[in-house]
Amino acid sequence: MLGLKLATDPRWVDIVESNIEEILTDHAWCEQKAATNAITIITQNSEYEDLVTDLLELAKEELGHFQMVHDIIKKRGYTLGRERKDSYVNELYKFMNKGGSRVQSMVDRLLFSAMIEARSCERFKLLSQKIKDPELSKFYHELMISEAGHYTLFIGFARKYGQDVDVDRRWQELIDFEAEVIQRYGKQETIHG
């Protein structure tokens with residue numbers, strides 16, 4: 001799915017179901033970080049009008065998802081916990097090219113973003129299919145579709161503006177790197193954990 005090399009072990013859903021409050025808190029903060037990431041890309045690449053327009057919409061959508069998760073948390077009598085560190089995302093970040101041209105940096109940030117959306121989409125699909133909670137099953141199915149669209153958007157902009165960058169080669173390198181990283185995850189009640 002989405003070019004990922006390694007699927008999440010379905011037993012991860014059992015871990016998630018053991019602590020729904022924790023997965024919802026972690027998920028809420030993932031959505032907030034996704035909105036912040038979109039705004040960061042806009043800030044660093046404001047000369048691309050279509051990118052700014054589309055990522056503004058994406059940031060609003062991600063904040064809407066944050067609100068949706070928060071509403072579920074409140075409805076269930078849970079409390080939104082403190083922001084969580086996302087070790088998976090931090091490991092992926094290490095792959096990004098910190099030097100080089102502005103275009104290379106933009107392409108890497110877009111591909112990094114696409115990868116996070118792809119993995120989130122894969123996890124949401126698994127949750128929608130396996131979680132025993134009907135409300136969350138439906139919710140995660142809807143979010144899976146949204147995440148797939150975000151993945152496509154980021155990949156599309158990387159290809160559109162990645163002149164002088166072999167975007168497909170760089171994407172394959174990131175897929176290979178992510179396959180190594182994700183082997184250490186899927187053992188916690190977090191979206192990427």
Side-chain angles (χ1 to χ4, degrees), residues 1-6 8 26-66 68-69 83-125 140 142-182 185 190-193:
M1 178 180 196
L2 305 167
L4 299 173
K5 283 188 158 186
L6 188 63
T8 299
D26 182 72
H27 180 190
W29 290 115
C30 286
E31 298 293 355
Q32 177 272 322
K33 290 171 192 166
T36 300
N37 180 58
I39 292 166
T40 298
I41 294 171
I42 290 168
T43 302
Q44 295 171 348
N45 302 284
S46 57
E47 66 272 25
Y48 301 105
E49 183 178 324
D50 57 344
L51 180 139
V52 171
T53 299
D54 288 353
L55 290 188
L56 279 170
E57 288 304 313
L58 186 143
K60 288 190 269 187
E61 187 177 335
E62 298 288 20
L63 280 177
H65 293 168
F66 180 50
M68 291 164 68
V69 179
E83 180 183 0
R84 308 306 200 252
K85 182 176 99 170
D86 192 326
S87 298
Y88 164 82
V89 170
N90 290 337
E91 284 195 57
L92 285 186
Y93 186 78
K94 293 175 188 173
F95 181 79
M96 286 176 43
N97 188 341
K98 308 303 186 292
S101 70
R102 279 190 78 233
V103 171
Q104 178 67 57
S105 294
M106 177 179 65
V107 165
D108 270 25
R109 185 66 179 239
L110 290 166
L111 295 180
F112 162 81
S113 303
M115 179 57 70
I116 295 167
E117 298 288 348
R119 182 54 70 184
S120 297
C121 181
E122 187 260 351
R123 292 275 170 105
F124 291 165
K125 180 180 181 185
Y140 282 113
E142 291 168 3
L143 289 185
M144 173 196 69
I145 295 166
S146 177
E147 300 298 290
H150 298 169
Y151 155 81
T152 303
L153 183 74
F154 285 123
I155 290 280
F157 278 123
R159 288 186 174 131
K160 180 174 183 177
Y161 292 117
Q163 61 270 40
D164 302 324
V165 176
D166 188 342
V167 174
D168 291 332
R169 180 187 59 78
R170 191 67 177 147
W171 177 242
Q172 189 58 54
E173 291 170 354
L174 181 54
I175 286 173
D176 293 341
F177 181 76
E178 196 270 351
E180 295 172 19
V181 168
I182 200 64
Y185 293 90
T190 62
I191 294 299
H192 300 121

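Everything quoted here is computed from the prediction, not taken from an experiment.
Note: Y185 and Y88 have perpendicular aromatic rings, judged against thresholds of 30 and 60 degrees for the angle between ring planes. The aromatic rings of F124 and Y140 sit tilted, their planes meeting at an angle between 30° and 60°.
For the pair A118 and L4, the tightest heavy-atom approach, listed with the atom from each and the gap, is O-CD1, 3.8 Å. For the residue pair L6 and A179, the shortest heavy atom distance occurs at CD2-O, 4.2 Å. Scanning all heavy atoms of the two residues, the minimum distance from V103 to Q163 falls at CG1-O, 3.7 Å. For E147 against E62, the heavy-atom pair with the smallest separation is OE2-OE1, 4.0 Å. Looking at every heavy atom in both residues, C30 comes nearest to D86 through SG-OD2, 3.9 Å. Smallest separation of non-hydrogen atoms from G162 and V107: CA-CG2, 3.5 Å.
Separating the NE2 atom in H192 from the NE2 atom in H27 is a distance of 9.0 Å, to the nearest 0.5 Å. For the atom pair C121 SG and R123 CZ, the distance stands at 12.5 Å (nearest 0.5 Å). Considering CG of L111 and CG of N97, their distance stands at 11.0 Å, rounded to 0.5 Å. Atom CH2 in W29 sits 15.5 Å away from atom OG1 in T190 (nearest 0.5 Å). Note: F66 CZ to E31 CD = 9.5 Å, rounded to the nearest 0.5 Å. Taking CE of M115 as the reference point, atom CD1 of I155 lies at 7.5 Å (rounded to 0.5 Å).
Contact check for K33 versus I116: no side-chain heavy atoms found under the 4.5 Å cut-off. Between I175 and Q172 there is a side-chain heavy-atom pair separated by less than 4.5 Å. Two residues are said to be in side-chain contact when any heavy atoms from C-beta on lie closer than 4.5 Å; M106 and Y48 meet this criterion. Proximity of L153 to D54: side-chain heavy atoms (C-beta onward) are separated by under 4.5 Å at one or more points. At a threshold of 4.5 Å between non-hydrogen side-chain atoms, the residues L174 and W171 count as touching. The side-chain heavy atoms of E117 and F112, taken from C-beta on, include no pair separated by under 4.5 Å. With contacts defined as side-chain heavy-atom distances shorter than 4.5 Å, the pair D164/Q104 does not qualify.
The closest side-chain donor-acceptor pair between Y161 and D50 falls under 3.5 angstrom.
Looking only at distances, a side-chain donor or acceptor of T152 sits under 3.5 Å from a matching main-chain atom of A148. Side-chain N or O atoms of R84 include none that pairs as donor or acceptor with a backbone N or O of D26 at under 3.5 Å.
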Between E122 and K125, is a salt bridge (charged side-chain N to carboxylate O under 4.0 Å, His left out) present by the stated rule, with each step listed? CA-CA 5 Å; E122 187 260 351; K125 180 180 181 185; over 6 Å; no
Assess whether side-chain contact (heavy atoms from CB on, under 4.5 Å) is satisfied between E173 and R169, documenting all intermediate values. CA-CA 6 Å; E173 291 170 354; R169 180 187 59 78; 2.3 Å; yes
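Counted within 6.0 Å of NZ on K98, heavy atoms from surrounding residues, nucleotides or ligands total more than 12; the atom is thus considered enclosed.
The existence of a salt bridge linking D168 and R159 is confirmed by a sub-4.0 Å separation between a basic side-chain nitrogen and an acidic carboxylate oxygen. Classification of K94 and E91 as a salt-bridged pair fails, no side-chain N sitting under 4.0 Å from a carboxylate O.
With sequence neighbours left out, E178 forms a salt bridge (Lys or Arg N to Asp or Glu O under 4.0 Å) with R119.
Considering T36, L110, L58 as possible partners of I41, the one that fulfils the side-chain contact (heavy atoms from CB on, under 4.5 Å) test is L110.
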